[in-house]
Structure formats: C-alpha cells, structure tokens
Amino acid sequence: MRIGLYPGTFDPITLGHIDIIRRSAKLVDRLVIGVAINRDKGPLFPLEERVEMIEGEMAKLSAETGTEILVHPFENLLINCARDVGAQVIVRGLRAVADFEYEFQMVGMNRALDSSIETVFLMAEARHQAIASKLVKEIARLDGDVARFVTPPVKEKLLAKLGKI
C-alpha cells in the first residue's frame, strides 16, 4: 500500500490545500493529512477545530477520489510523523519560488534523517497559487470576501471565529 503524508498547519484549510489533496489522492492508496500543532505559529483555530474542518472536507473528497484520506494531528518532527503513519512519500505543495527555497532545505534535512522517505512537490493550480491561509485570515479580518479561497463551511467558521457573524 502506498501511503502519502501531506503536512501543514491548515489554519484554515483553503481551496489551494484541497487542490493539492485531490491531486495527491491520485498518487497513493492512503493519504494522511498531517495537522501540525505548531504552537510557534499561534494559529487562529485550535487543533480540534482545524481537524474538524479538515475531516468535514475530506469525507467528500475521499468518496470522490476513492482514496482513503485520514487526518492525523502531530507535534513531532515531520519525518517522525511520516514514520508513525507508515508514509513512504511526503507531499508538499508549491506556490512560488520562495516556497521552493524553504522546501528544498526541508527535503535535505529530511533525507539526512531518513533517506527512505521521498518528498514529492505538486505545483498549485494557477488559480490557487496566491492563496495562503495567512492572507485568507487577513482578508476576512478586514471584511473582505474569502468565498473564492475557502469552502462555504470553512468561510462560515472563519467569520464566526473572527466575530463577523
């Protein structure tokens, strides 16, 4: 069984993330969405809410793709999370050259820690390349419309969290 791990903070999950997940699901038999706890980033949504949002989106996507998609919170090293879930592949989404520079360093470190786990990069679809959770939160915070960047359930939770509804 080919198992892939797509890690991130997902604060909140965006259409860009969902695009990468949909395309990753074609490459593996099981896709694990690793939700990083990452206290240093100071997420808007607590872990439980991020996991809940992702699970809500993944139920539909799993049925659509026929790939088992699981959600797995983690707070350890990414390579250890990959080992924990039995992943042979780590999937990373790229939006721009700046993403690649950071990811290139991460791949080197991960390969030094465990050369048996490969990293695969997927470019975001052109219409999703500008989407970043940080920017989506800022747009929502400043009363902009985020409907083009997140699903309706995520938009509702985001606006509620910001006290906008």
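This is a predicted model, so every value here is computed, not measured. Atom set for the values below is all heavy atoms of this structure, side chains included, hydrogens, waters and symmetry mates excluded.
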Can Q88 and S116 be counted as having a side-chain donor-acceptor contact under 3.5 angstrom? no
Donor-acceptor contact below 3.5 Å, side chain [X] vs main chain [Y]:
X	Y	result
Q129	A124	yes
S62	M58	no
K161	F45	no
R92	P7	yes

So S24 and L122, side-chain contact (heavy atoms from CB on, under 4.5 Å) or not? Walk me through it. CA-CA 8 Å; S24 299; L122 294 177; 3.4 Å; yes
Applying a strict under-4.5 Å side-chain criterion to I, L, V, M, F, W and Y, I'd like to know whether [X] and [Y] cluster together.
X	Y	answer
L77	F74	yes
V91	Y102	no
F149	M53	yes

Would you call K137 and P12 a side-chain contact if the rule is heavy atoms closer than 4.5 Å? yes
Between L61 and T67, is there a side-chain heavy-atom distance shorter than 4.5 Å? no
Taking only residues two or more places apart in sequence or in another chain, which ones pass side-chain contact (heavy atoms from CB on, under 4.5 Å) with P43? D11, R50
Please enumerate all residues that pass side-chain contact (heavy atoms from CB on, under 4.5 Å) together with T14, with sequence neighbours excluded. H17, I131, S133, V136, V150
In terms of heavy-atom contacts, H128 and D19 come closest through CD2-CB, 3.7 Å
Where do K164 and A140 come nearest, in terms of heavy atoms and distance? CE-O, 3.7 Å
Could you pull out all donor-acceptor pairs under 3.5 Å where a side-chain atom in residues 25-35 meets a protein atom, sequence neighbours excluded?
residue	atom	partner	partner atom	Å
D29	OD2	R2	N	2.7
R30	NE	E68	OE1	2.9
R30	NH2	E68	OE1	3.2

Got a sec, which hydrophobics cluster with L94, joining ILVMFWY side chains under 4.5 Å apart, including via others? F100, F104, V107, F121, M123
Out of curiosity, I69 CD1 to R22 CZ, how far, rounded to the nearest 0.5 Å? 9.0 Å
Any residue meeting salt bridge (Lys or Arg N to Asp or Glu O under 4.0 Å) with D84, in chain and number order, not counting sequence neighbours: none
Between D145 and K155, is there a side-chain N and carboxylate O pair less than 4.0 Å apart? yes
Tell me the salt bridge (Lys or Arg N to Asp or Glu O under 4.0 Å) pairs involving residues 104-113, sequence neighbours left out? R111-E118
